[in-house]
Every structure is written in structure tokens, then in C-alpha cells.
Number of protein chains: 2
Amino acid sequence: MWSVASAMKTPEKDAPADERRGRKASKETRRQQLIDATIDSLAKRGYAETTMADVAEGAGLSRGIVNFHFESKEKLLVATLQYMADEYAAHWRAALVKAGEDPARQLGALVAADFDRSICNKRKLAAWCAFWGEAKSRPTYQVLCGARDAAYQNVIVDLCRRLKEEGGYDFEPFSTALGVSAMLEGLWLRLMMGPDEVTREAAHASARDVLASIFPRHFERAMRRDRKIA
Amino acid sequence: MWSVASAMKTPEKDAPADERRGRKASKETRRQQLIDATIDSLAKRGYAETTMADVAEGAGLSRGIVNFHFESKEKLLVATLQYMADEYAAHWRAALVKAGEDPARQLGALVAADFDRSICNKRKLAAWCAFWGEAKSRPTYQVLCGARDAAYQNVIVDLCRRLKEEGGYDFEPFSTALGVSAMLEGLWLRLMMGPDEVTREAAHASARDVLASIFPRHFERAMRRDRKIA
DNA sequence: CCGTATTGAATGAATGTTCAACAAGCGGCC
DNA sequence: GGCCGCTTGTTGAACATTCATTCAATACGG
């Protein structure tokens with residue numbers, strides 16, 4: 001009994017459909033399928049209301065299957081967070097490499113990567129936020145979220161240093177880097193919670209605007225007058 | 001049976017002790033006591049693991065009492081969030097009034113208020129974050145959190161406008177205001193999750209640093225060289 | 001003593017986990 | 001090719017636990 005809903009719930013499943021159904025699906029494929037369903041459930045119902053039954057139903061499988069591929073609910077959630085952290089890190093690292101050597105281009109690419117559709121959509125943001133909410137009281141989550149931030153922020157600190165040298169700014173690189181990366185995370189939060197008038201593009205533009213204030217010799221201001229004054 | 005721990009768990013209980021114990025405690029006092037215990041539990045165990053029994057135990061009362069003063073767990077949590085939102089709003093509004101008429105002073109006061117000890121401590125930040133994590137899937141929470149942000153951000157937008165006029169900056173007020181308020185929220189997140197080396201003072205300094213970049217004619221840079229280069 | 005706050009055991013619902021049964025693939029064997 | 005086990009993924013019902021809620025009994029204040 002395959003529910004049609006589960007097959008088209010997330011538009012980003014680009015794996016061949018015949019690989020995901022039937023008994024032939026490999027172990028790894030099935031694990032990924034369950035992780036996807038977990039993210040769906042976290043986004044739809046929140047952390048507290050996410051149940052094994054809901055995850056299984058979302059994946060179009062039966063209840064017992066989750067404990068077969070993952071030992072427990074805890075392990076499933078950790079694997080899900082690990083997957084999101086890996087995906088996020090791979091994404092910005094790729095963007096960084098593609099940006100070349102210029103630090104301003106690199107910082108711009110990093111920020112753009114944060115607001116890329118594949119990373120920054122309501123589904124994933126809601127899942128991230130669900131984990132953040134529990135991170136305080138769960139060392140495992142805190143480590144995974146912390147690892148995410150640490151590497152990312154080291155890169156931003158380094159970029160701030162190089163931009164400071166190039167542009168002759170007088171900010172404190174560490175402090176500014178902390179502010180910038182915090183702003184990016186805060187914008188994610190706004191995107192997830194705020195009204196719909198805060199779009200991905202608006203958040204990105206806002207980040208670029210602040211970058212233009214901090215690094216005036218490296219970032220151009222968007223200078224668009226088409227914004228509605230609310 | 002009064003647990004000693006509950007009496008000294010939170011250092012900020014300045015209400016007279018004899019008002020909080022015994023049967024004389026008024027309805028309102030008892031509600032507040034339970035709300036405090038709820039914040040404690042959210043901070044210590046996270047949203048998902050917060051139970052009625054834990055709240056009652058934290059307050060030094062018996063299990064059934066919560067359903068007497070609040071009808072249900074849901075109502076207790078909403079009341080708790082409402083309390084935190086009210087407290088937060090009252091705090092920054094007071095800071096705003098006290099700052100006088102100068103927009104730069106006002107913005108500085110607003111930012112300082114965000115990092116004030118009474119508001120910005122691990123206990124409350126963890127509770128806020130717990131609610132954020134569930135807000136996506138709970139309209140009631142989303143409304144309360146959203147209301148918090150909306151008023152706050154309108155003030156910041158207005159301050160950005162006035163500062164722009166005064167200083168002749170060329171940023172877009174709305175966009176910059178979004179970035180600034182997002183940064184403040186992001187710093188809260190960092191304070192809660194990040195390593196202990198990110199202190200309240202460091203976060204505040206970071207915010208001031210970015211403000212100095214955005215409004216160079218209104219905010220002085222801290223220019224401290226005592227920061228360790230990590 | 002009356003009314004009300006409080007207690008704590010009982011209840012019932014929700015849910016994570018287990019497990020015995022089942023089915024699908026698969027390789028060997030006649 | 002067809003039959004037979006064997007391994008392994010899968011199922012769904014049964015089980016155990018946790019927890020919000022209820023409520024009759026109790027204790028305290030007035």
C-alpha cells in the first residue's frame with residue numbers, strides 16, 4: 001500500500017523512483033528515505049510531536065521498520081541531524097571552492113549559499129530549528145550543531161581578516177565575524193517564524209545590505225527603490 | 001515536603017519567601033511559581049522532555065496542582081510563553097524610554113537591553129529556543145513569538161530611518177533593520193548553543209562592533225586589543 | 001465548619017520497542 | 001527449468017512504559 005502523498009511530498013527527491021520502492025531498495029537508500037520522512041515530520045509536527053509511527057507512515061512503510069534500520073528513535077534523530085549537518089557543510093564548502101581566491105567573492109558566495117533554495121527552505125529550516133530547540137539539553141545535538149558552526153565561523157573570521165587588510169577597515173575581525181554569522185542564523189530564524197513577507201530573497205538582500213555597510217569597499221549596495229515601505 | 005533545591009534554584013526570585021510557600025500564597029503567586037518552574041524545566045530538559053510531574057516537582061508541589069491552576073499542559077506552556085514575551089517587551093520598552101530622545105542612544109539602549117542579565121541568561125534563552133523549535137507547528141506559539149518581534153522590529157526600522165537622516169548613510173532602512181534584529185536573535189542563539197567562550201559581554205561587544213560599521217557617525221568602535229586571537 | 005487549595009493514587013491514552021510470522025529475492029541442486 | 005531452503009527485509013499486533021488528566025480524600029484558613 002503506497003500512498004501517493006509520500007511519493008510527491010518533497011519535490012527534491014531526484015533519486016530514481018524504482019530504487020526507492022519494492023524490496024530491492026538498498027539499505028542505504030531506505031535509510032535515506034526514512035531520514036527524509038523524519039525531516040518532513042519535524043517540519044510538519046515539530047520535534048515533540050514527531051513519532052515513529054508518523055515517520056514510518058510518511059515514508060510509506062510500516063511501523064516496525066524504523067527500529068530495523070535505526071536501532072531507536074534517538075538514533076534516527078541523530079542520523080537525521082548528522083545528515084543535515086553534512087549536507088550543509090558540503091554545500092558551503094563547494095560554494096567556497098567555486099568562488100575562487102578573492103575573499104570578497106568568497107564571503108559573498110558563502111552568504112549566497114546560506115540562502116540557496118536547496119538549503120534554505122521552510123522544510124529544512126523548521127527541522128534545524130526543531131533540533132536547536134532541543135540542543136541545549138542534549139549533548140549529542142549540541143556537538144553536531146556546534147561542529148557545524150565552528151568550521152563555518154572560522155572561515156568567516158579568516159575572511160574578515162583578509163578583507164580588513166585589503167580594505168583598511170578598523171573593525172575587530174573576530175567580533176565582526178561573530179556578528180555576521182549570527183545575523184545569518186538570525187535571518188534563518190526569521191524566515192522560519194516570521195510572516196511570509198520575509199522571503200528568502202529579502203533575507204539575502206538584507207544580509208548583502210549589512211555586508212555593504214561593514215565592507216563598503218568590497219560590497220556594492222543593492223540600492224533598489226522598488227521595496228515597499230511597510 | 002519542601003525541597004531545598006527548588007527554593008534556591010533560580011537566583012532571581014526576589015519575591016518574599018513567605019509569600020511563595022504555605023497555603024496563603026495567592027492564586028497569582030502560585031501561577032507565577034509554576035511558570036518559573038516551567039522555565040526551569042524547559043531549560044534543563046528541553047521542550048519535548050518537559051513533563052507536568054517535573055514542573056510540579058520543580059515548584060515543590062504535587063502533581064495534580066498544575067491542572068488546578070492551569071487547565072492543561074498546553075495552557076501552562078502558553079501562559080509561560082506569554083509571560084516571557086510580556087517581560088521581554090516591558091524590559092526593552094523601559095530601556096527605550098530611559099534612553100531619551102536621541103536615536104543613537106535609543107538603539108544602543110535597545111541592544112544593551114537585549115544583553116541584560118535579567119533577560120539574557122542561559123535559563124531564559126534556553127526556554128525561548130525551546131518555544132522557537134515548536135513555533136513552526138504551533139500557531140499559538142508563532143503568534144506570541146511573532147508579536148514579540150513585530151513591535152520590536154518596527155522600532156528598529158524607525159531608528160534606522162532617523163539615524164540615516166542624521167548621518168547621511170545610504171543603506172536601506174528596512175533591510176538594515178532586518179539584518180540588525182536578526183543579528184541580535186542570532187547572537188542569542190549562539191549564546192545558548194555555542195561554547196562557553198562566547199559570553200554575554202562578547203556577544204554585546206560583537207553587536208556594538210557591527211553597529212559601529214553600519215552607523216559609523218553614531219557608534220564608536222570599542223577598539224580593545226585585549227581580545228585573544230583564537 | 002464551610003469553602004478552597006492541595007494531594008497522590010488511579011485511569012486511560014499515546015507511543016517506543018519487541019517479536020513471531022511472513023514474503024521476497026537468491027543461489028544451489030536435481 | 002523448477003523446486004527447495006536460506007537469508008534478509010518487512011509487517012503489524014502485542015507489550016511495556018511514560019505521562020497528562022481526573023477525582024475522591026484531605027488539610028488548611030477564615
Side-chain angles (χ1 to χ4, degrees), chain A residues 1-3 6-7 18-35 37-38 41-42 44-80 130 134 137-138 140, chain B residues 1-3 6-7 18-38 40-42 44-80 130 134 137-138 140:
Chain A
M1 173 191 326
W2 295 89
S3 77
S6 76
D18 52 333
E19 268 289 313
R20 297 190 75 100
R21 59 178 58 204
R23 203 170 279 259
K24 277 180 73 174
S26 76
K27 225 164 169 117
E28 211 39 56
T29 302
R30 190 114 298 172
R31 278 175 62 98
Q32 188 55 50
Q33 183 180 7
L34 288 169
I35 285 176
T38 305
S41 184
L42 286 172
K44 188 180 43 172
R45 304 166 51 121
Y47 186 99
E49 304 293 329
T50 286
T51 67
M52 299 287 262
D54 190 54
V55 169
E57 192 189 357
L61 299 171
S62 70
R63 316 187 64 158
I65 200 63
V66 187
N67 288 86
F68 180 80
H69 289 282
F70 303 86
E71 280 179 39
S72 64
K73 185 185 185 184
E74 174 72 14
K75 296 247 175 83
L76 168 67
L77 289 166
V78 169
T80 301
E134 294 294 312
S137 48
R138 310 227 178 191
T140 312
Chain B
M1 177 190 326
W2 296 90
S3 78
S6 75
D18 52 330
E19 266 290 313
R20 297 191 76 100
R21 59 180 55 205
R23 202 172 279 260
K24 276 181 73 175
S26 75
K27 228 166 167 113
E28 210 40 56
T29 302
R30 191 112 298 175
R31 278 175 64 98
Q32 188 56 49
Q33 184 180 8
L34 289 169
I35 285 176
D36 282 342
T38 304
D40 284 338
S41 185
L42 286 172
K44 187 178 43 170
R45 305 166 52 123
Y47 186 98
E49 305 292 329
T50 285
T51 67
M52 300 286 262
D54 190 54
V55 169
E57 191 188 357
L61 300 171
S62 71
R63 319 187 69 160
I65 199 65
V66 186
N67 288 87
F68 180 80
H69 288 282
F70 302 86
E71 280 179 40
S72 65
K73 186 184 184 183
E74 174 72 15
K75 295 246 175 83
L76 167 67
L77 289 166
V78 169
T80 301
E134 294 293 313
S137 48
R138 311 229 177 188
T140 311

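The model shown is predicted, which means the values in this text are computed figures rather than measured ones. Reckoned from all heavy atoms, side chains included, excluding hydrogens, waters and symmetry mates. Below, chain A is the first sequence line, B the second, and so on; all start at residue 1.
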Looking only at side-chain atoms of B:R30, point me to the closest of C:dT17, D:dT10, C:dT6.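 In terms of side-chain proximity for B:R30, the closest of C:dT17, D:dT10, C:dT6 is C:dT6.
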From the options C:dT6, D:dT11, C:dT17, select the nucleotide whose nearest atom is closest to the side chain of B:S62.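 The listed nucleotide nearest to B:S62's side chain is C:dT6.
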Each nucleotide in nucleotides 9-14 of chain C should get exactly one letter: B, S or -. Can you fill that in based on protein heavy atoms under 4.0 Å? ------
Check whether B:E134 reaches the backbone of A:A48 with its side chain - one donor and one acceptor, N or O, closer than 3.5 Å.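 Yes, B:E134 side chain to A:A48 backbone: donor-acceptor pair under 3.5 Å.
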Is a donor on one side and an acceptor on the other found under 3.5 Å between the side chain of B:S41 and the backbone of B:A37?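 No; judged by distance alone, with no hydrogens or angles, the pair does not exist.
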Atom-to-atom span, [atom1] of [X] to [atom2] of [N] - whole angstrom:
X	N	atom1	atom2	value
B:I65	D:dC23	CD1	P	16 Å
B:E57	C:dT6	CD	P	18 Å
B:E71	D:dT21	CD	C1'	12 Å
A:M52	D:dG12	CE	C1'	15 Å
B:F68	D:dA24	CZ	P	15 Å
A:F70	D:dT10	CZ	C1'	15 Å
A:K27	D:dT10	NZ	P	9 Å
A:E74	D:dT17	CD	P	19 Å

Measuring from atom CZ of B:R63 to atom CG of B:D54, what distance do you get when rounded to the nearest 0.5 angstrom?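 Reported value, rounded in 0.5 Å steps: 10.5 Å.
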First locate atom CD of A:E74, then atom OG1 of A:T140, and finally report the distance between them rounded to the nearest 0.5 Å.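 Between A:E74 CD and A:T140 OG1, I get 6.0 Å after rounding to 0.5 Å.
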Please tell me if the side chains of B:L34 and B:F68 come closer than 4.5 Å, counting only heavy atoms from C-beta onward.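 They are not in contact (no side-chain heavy atoms under 4.5 Å apart), so the answer is no.
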Does any part of the side chain of B:K73, heavy atoms only, come nearer than 4.5 Å to the side chain of B:V55, both counted from C-beta?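 No. Closest side-chain heavy atoms not under 4.5 Å.
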Do the side-chain N or O atoms of A:K73 get closer than 4.0 angstrom to the phosphate oxygens (OP1, OP2) of C:dT15?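 No, no such contact exists.
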A:K75, A:Q33, A:R30 screened by side chain to side chain contact (heavy atoms under 4.5 Å, CB included) with A:H69, the one that passes: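 With A:H69 as partner, A:K75, A:Q33, A:R30 yield a single side chain to side chain contact (heavy atoms under 4.5 Å, CB included), made by A:R30.
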